[in-house]
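Right, one structure below, let's go through it.
Numbering of ligands and ligand atoms starts at 1, following listing order.
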Amino acid sequence: MRGVFASSVTGAAPSKAALTLWYETPAREWIEALPVGSGRLGAMVFGGVAEERLSLNEDTLWAGGPYDPNHPEAFSALSEVRRLIFDGQYRQAQELAGARMMAKPLCQMPYQALGDLRLAFAGLETYAQYRRELDLDTAVAETSFTSDGVDNRRVVFASPIDQVVVVRLTSTGAKRISFDLSLVTPHGATIEVEGTDTLVLRGQNGAAHGVDGALRFVARAHVTTSGGSCFGADGRIAVREADSATLLLAMATSYRSFRDVSGNPESTTARQIAESRHKGYDALLSDHIAEHQRLFRRVSIDLGRSSAERRPTDARVRDSQGAEYAELAALYFQYARYLLISSSRPGTQAANLQGLWNESIDPPWGSKYTININTEMNYWLAESTNLAECVEPLIALVKDLAETGARTAKVHYGARGWVAHHNTDLWRAAAPVDGPEWGLWPTGGAWLCLHLWEHFAFSGDRNYLAAIYPLLKGAAEFFLDTLVEEPDHQWLVTCPSLSPENTHRAGAALCAGPAMDQQILRDLFLRCIEAADLLSTDSAFRNDLAGTRARLAPDQIGAAGQLQEWLDDWDHQAPEMHHRHVSHLYGLFPSEQIDVHSTPELARAARKSLDLRGDESTGWGIAWRLNLWARLGEGERAHQMLRMLLGPEHTYPNLFDAHPPFQIDGNFGGASGIAEMLMQSHAGAIHLLPALPKAWTGGAIRGLVARGGFEVDIEWQGGALAAATISSRRRGAPIVRYREHELELQLDAGDRARVLFDGSSLQKSS
Ligand code: FUC
């Protein structure tokens with residue numbers, strides 16, 4: 001299997017050590033524990049010796065039940081809120097909107113921890129040669145130690161094939177495995193022993209913000225031993241003097257969709273356990289590894305080698321230096337790919353603010369979907385790092401939102417189409433929440449639609465485009481009905497809106513036509529027009545969009561030479577000059593509207609804004625800045641941001657991103673930034689090493705994906721491109737760019753072209 005890594009450009013296969021997180025002590029806190037996930041089922045493995053803890057998640061266990069948050073009076077306040085905004089009475093507009101236009105309830109439902117699986121071992125107080133690790137290449141966590149002269153191993157994985165979490169305990173000594181197994185949960189639940197070997201937890205989710213809990217859930221744990229005995233007592237399973245033991249854990253809720261909670265977790269979990277028992281441990285493990293590697297092994301990365309791997313991962317986060325940083329960056333990159341594979345697979349829920357892993361019933365920001373940056377950032381890496389399948393849950397989420405958001409469009413705005421604001425949850429709530437200064441932002445759904453377009457841009461799949469076109473069209477229709485003319489230039493703008501989540505003066509965020517909205521709508525309308533053309537449909541609608549698009553407020557450059565965040569040049573008076581959001585720079589990244597080659601003046605203004613904003617930020621704020629500097633071709637600035645992200649202030653011992661607290665967007669945004677430093681494919685060219693920092697003198701990356709459907713391998717030495725291989729999934733004529741050099745290729749599906757750089761030009765090798 002290792003041979004899969006033997007890339008045409010990298011040659012050497014990365015060692016297991018290069019893809020392993022490892023530690024010399026058990027986790028004391030959750031942010032030291034190691035995540036495994038099947039997409040739907042998650043566990044954080046603590047690696048305790050006398051007491052092992054797996055903190056558990058199931059991705060449909062949220063608070064509440066199906067609900068309609070739309071506010072029937074909202075529409076009646078809309079025109080007055082608009083009038084106040086255009087009259088400059090921003091605070092009054094915000095007050096009125098707060099009183100009349102917000103969702104009921106005002107907050108959405110939080111994602112919930114399910115509970116813990118606990119294993120209590122007697123007689124293991126003293127031990128030696130302890131190690132716990134997470135192997136990113138196999139998606140298996142392992143704890144090992146010696147005690148009383150025997151070696152012990154505990155292996156944990158969450159299988160996407162068999163939908164169970166598997167724990168395997170082995171020892172080199174006979175009869176050395178004795179423990180009590182229990183399940184605990186913060187929810188109302190019963191725990192029963194079935195037979196001698198099964199523990200069943202049956203629970204009910206809680207209410208939140210006045211919405212009753214409507215989900216039932218079941219966690220079913222089954223133990224098989226070889227040798228020894230197994231019996232149930234007092235809500236526990238006791239295993240005594242076994243030679244080995246295998247635990248299977250199935251978890252499910254009654255969630256079927258945002259409007260249907262009639263699922264049967266009882267029969268689902270019983271079937272999953274029965275089938276997994278029948279299959280047996282070896283086949284469970286090998287199928288799990290094969291499925292993980294099918295996705296994970298598509299990309300390999302080498303940013304240079306040092307002896308860093310010999311140190312535990314937490315020590316590397318605390319004090320990496322020089323070349324060690326490059327290796328940590330490579331590990332961080334692959335860890336993000338691992339996390340996306342483990343938290344977002346076809347049929348599961350999309351990765352939320354914590355991906356899949358959450359130990360609380362009151363997590364920060366509800367561990368929901370914040371769609372004014374965070375959910376989008378979660379998926380920035382998906383296409384370019386060759387994990388297109390992992391986008392499927394996001395596409396499914398947008399499909400749901402187009403339904404719930406159609407009602408919000410009608411009730412709140414009297415408009416056609418659909419709208420979603422700055423947050424959503426398992427129940428696909430789409431109305432504005434939390435308060436007008438955060439929630440009254442109508443462009444969240446439109447931004448998500450652009451991810452749906454990206455999935456097409458990378459794949460070129462017209463059937464897929466036809467399937468998602470109605471979602472894009474509905475998002476655009478909403479804005480055809482709600483854009484208004486601003487009085488000074490007669491531009492068409494969103495109103496009310498805001499520039500997430502910044503205020504333009506004390507106490508006032510509401511405004512008309514923030515730059516980000518206009519940029520997102522330029523993209524949305526363009527993609528709708530392109531889609532309608534490609535699908536030969538809707539010519540009148542398409543022309544309507546083209547006319548409206550031409551009247552959207554343009555990007556403007558302010559007095560300080562910066563890209564204006566708002567319609568007026570308010571940037572210098574905004575109370576938070578160093579605000580974490582850089583919403584108006586959406587046009588530079590992830591969009592391609594602003595580009596150093598095609599719009600150099602706007603790119604300079606974006607650069608100025610980035611400098612004015614400063615580097616210091618939250619985890620995801622740093623990750624966004626990293627991607628922006630990469631787009632500007634500034635390798636050193638990008639690298640500086642990456643070093644901040646990888647330092648102990650923004651990276652926990654288990655390499656989870658610290659906003660703080662933990663938020664997974666920084667992990668995903670960081671990996672996207674690394675990919676953008678090495679290869680970019682917006683603006684019509686495959687750009688090789690566009691932001692390579694000096695610190696990464698030599699290295700290789702294999703398996704990145706460029707828009708148009710090309711796989712790209714790159715090798716560099718002495719800070720310069722050595723060679724690249726472009727493999728085409730479809731017929732195309734990509735332009736390959738390196739520094740000021742360009743080369744056009746003609747490729748059929750399945751062709752591979754090798755491109756060499758000899759110091760003065762790009763050549764296709766024959
Ligand atoms: C937005 C951000 C916060 C945080 C939250 C989940 O509100 O401004 O920093 O990431 O989402």
Side-chain angles (χ1 to χ4, degrees), residues 31 62-63 102-103 106-112 208 343 349-358 360 362-380 394 397 420-426 429-445 447-448 497-504 509-510 514 516-517 520 565 574-586 590 613-628 641 644-645 649-652 656-670 672:
I31 41 93
W62 293 56
M102 304 307 291
L106 188 58
C107 297
Q108 294 174 351
M109 302 299 115
Y111 179 49
Q112 304 284 278
S343 64
Q349 294 301 309
N352 62 45
L353 283 174
Q354 297 184 189
L356 169 66
W357 302 276
N358 161 38
S360 170
D362 184 21
W365 291 286
S367 193
K368 305 190 299 281
Y369 299 103
T370 306
I371 58 175
N372 65 14
I373 174 62
N374 314 87
T375 304
E376 288 85 355
M377 185 178 284
N378 282 359
Y379 288 90
W380 283 354
L394 187 72
L397 181 147
H421 294 80
H422 94 304
N423 263 242
T424 190
D425 59 13
L426 182 74
V433 291
D434 295 348
E437 62 272 51
W438 302 285
L440 206 49
W441 179 69
T443 329
W447 191 356
L448 289 175
S497 188
L498 50 90
S499 188
E501 302 175 6
N502 208 356
T503 47
H504 50 83
L510 285 199
M516 181 189 227
D517 283 5
I520 289 178
E565 181 160 1
E576 287 189 66
M577 289 288 286
H578 305 297
H579 199 271
R580 59 196 178 285
H581 287 260
V582 281
S583 304
H584 51 317
L585 303 187
Y586 162 89
R613 214 53 153 220
D615 291 349
E616 283 297 336
S617 193
T618 57
W620 64 258
I622 291 173
W624 197 349
R625 286 158 173 78
L626 158 60
N627 284 274
L628 288 161
M641 301 313 301
M644 284 172 74
L645 191 64
E649 268 181 54
H650 291 291
T651 297
Y652 289 117
F656 270 177
D657 167 66
H659 176 284
F662 165 50
Q663 222 170 268
I664 207 161
D665 38 27
N667 288 100
F668 293 141
S672 159

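For ligand 1, the atoms closer than 4.0 angstrom to any heavy atom of Leu353 are 6 (C). Atoms of ligand 1 lying under 4.0 Å from any heavy atom of Arg580, numbered from 1 in the order shown and given with element: 2 (C), 3 (C), 8 (O), 9 (O). Atoms of ligand 1 lying under 4.0 Å from any heavy atom of His581, numbered from 1 in the order shown and given with element: 2 (C), 8 (O).
Comparing heavy-atom distances from atom 11 (O) of ligand 1 across Asn352, Thr618, Asp434, Asn374 singles out Asn374 as nearest.
Without hydrogens or angle criteria, Thr370 side chain to Asn372 main chain gives no donor-acceptor distance under 3.5 Å. With His504 contributing its side chain and Ala574 its backbone, the two residues share no donor-acceptor pair below 3.5 Å.
Contacts between Trp620 and ligand 1, counted as non-hydrogen atom pairs separated by less than 4.0 Å, involve the side chain only.
Note that CH2 of Trp447 is 11.0 Å distant from CG of Asp517, once rounded to the nearest 0.5 Å. Taking OG1 of Thr503 as the reference point, atom NE2 of His579 lies at 6.5 Å (rounded to 0.5 Å).
For Trp357, there are no ring pair (Phe, Tyr, Trp, His ring centres under 6.0 Å) partners two or more places apart in sequence or in a different chain.
Scanning the protein heavy atoms around atom 4 (C) of ligand 1, the nearest turns out to be His659 NE2, 3.5 Å. Nearest non-hydrogen protein atom to atom 1 (C) of ligand 1 is Glu501 OE2, 2.9 Å.
Between Asp657 and Ile664, every side-chain heavy-atom pair lies at or beyond the 4.5 Å cut-off.
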